[in-house]
> 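After the C-alpha cells below, expect a handful of questions from me.
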Amino acid sequence: MEIIIQPSSQEVCSLAARIVAKLVREKPAAVIGLPTGGTPRPMYAELVRMHQTEQLDFSRVTTFNLDEYVGLGPDHPCSYHYYMTENFFNHVNIPEKQTHVPDGLAEDVPDFCRHYESAIREAGGIDLQILGIGEDGHIGFNEPTSSLASRTRIKTLTQKTVDANKRFFKSDEIVPRHVITLGVGTIMEAKRCLLIACGQGKAVAVAAMVEGPVTAMTPASALQFHPSVVLLVDEAAAGRLALGDYYRSVYRNKPDWQR
Ligand code: PGA
C-alpha cells in the first residue's frame, strides 16, 4: 500500500483528480469505480474543471458507483444517483449509458445485484476503484463484520453510519437503513484502488485499515491484501498512524521513475 499524506483535504482531492486524469489520458476507455459522500466532492469539482479547461475527455469512460440507498430513486436529492448527476455526470461529456449507479428502486434486489456484477465483468473489470472510508472502517457500505469475500448485495447500515449521514438529509427525513453496495470481494477485484480520507474523524479507521490486523471488523483492512492500493490522506486523517514519519519519508524520497 502506498500512503501519501497531504497537508489538507483540498490537496488530497486535487491529487486524486490528477491520478484519475492520468488514467483517463492513458486509457480513454477506462472503467472507474466511483464513491459519493462529503470527501470526494472537491475531487469531482477538479475533474469537471479539467474537463472544461484542459480538454479532459470522458466520452469513452465507463463508471460504476459503489452504493445507493434502497428506496431512493435518481430524482431524490439524497440519492447517490442524484449526487453523481449534480456533482459530475451533468458537467462532463460521459454518455449516460456508460454510467452505472445501483438502482435504489430495484424490485428484485438480489437479481439487480447479480446484473450489476455481470455489467462490471462485461465492461472488463474496474481499472481504478476510488473509495472513501467510514469512521467505522467501512468501504462502500460494507459495515463491520461484512464478509471480506462479499459481493454486491443489500446491507443494513449501523447506527453510527446512519448518524454520520444525517447531515445530508433534511431534519424531518428518515435516513434509509438499507443500501445496495459493491462487496468487499468485488472491490478487491479492481485492478487498482485509490482510497481518500480527510479529517480527524477518520484517523482511527485509517490507522486500523493500514496498521491493524486484517479483520472483518474493519472491512477496509482487506485492502492490505490488494496488490495496488494508494491511500491519500490529509494530516488530520493521518494523525493516528504509528509510522506516519516513515510514510512521509517514503513519499519524499521516491525515485523519479516512480513519480
Ligand atoms: P464521507 O463518507 O466522505 O461522507 O465521509 C465516506 C464513507 O462513508 O465511505
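Since this is a predicted model, take the numbers as computed values, not measurements. Counting starts at 1 for both ligands and their atoms, following the listed order.
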> Considering only the protein, which heavy-atom contact is closest to atom 7 (C) of ligand 1, and what is its distance?
His138 NE2, 3.4 Å

> Starting from atom 4 (O) of ligand 1, locate the nearest protein heavy atom and write down its residue, its atom name and how far away it is, to 0.1 Å.
Gly38 N, 2.8 Å

> Considering residues at least two apart in sequence or located in another chain, which fulfil the ring pair (Phe, Tyr, Trp, His ring centres under 6.0 Å) criterion with His138?
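Checked His138 against ring pair (Phe, Tyr, Trp, His ring centres under 6.0 Å); matches are Phe141.
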
> Note the single closest protein heavy atom to atom 3 (O) of ligand 1, along with its residue, its atom name and the distance in Å.
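Checking every protein heavy atom, the shortest distance to atom 3 (O) of ligand 1 gives Thr39 OG1, 2.5 Å.
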
> Using a 4.0 Å cutoff against the non-hydrogen atoms of Gly132, which atoms of ligand 1 qualify?
9 (O)

> So does Arg114 pair up with Asp111, basic N to acidic O under 4.0 Å?
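Yes, Arg114 and Asp111 are salt-bridged.
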
> Are the charged groups of Glu2 and Arg192 less than 4.0 angstrom apart, N to O?
no

> Considering both backbone and side-chain atoms of Pro40, is one of its nitrogen or oxygen atoms within less than 3.5 Å of a nitrogen or oxygen in ligand 1?
no

> If only side-chain N and O atoms count, and only distance matters, is there a donor-acceptor pair under 3.5 Å linking Glu189 with Thr186?
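On atom types as modelled, these side chains do not qualify, holding no pair under 3.5 Å.
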
> Between Glu46 and Arg49, is there a side-chain N and carboxylate O pair less than 4.0 Å apart?
yes

> Can you report which non-hydrogen protein atom sits closest to atom 6 (C) of ligand 1, along with the distance?
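Nearest protein contact, heavy atoms only, for atom 6 (C) of ligand 1 is Ile133 O, 3.6 Å.
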
> Taking atom 5 (O) of ligand 1 as the point of reference, which of Glu135, Arg167, Lys202 owns the nearest heavy atom?
Lys202

> Please say which of Thr63, Asn65, Ile180 ends up in a side-chain contact (heavy atoms from CB on, under 4.5 Å) with Val101.
Asn65

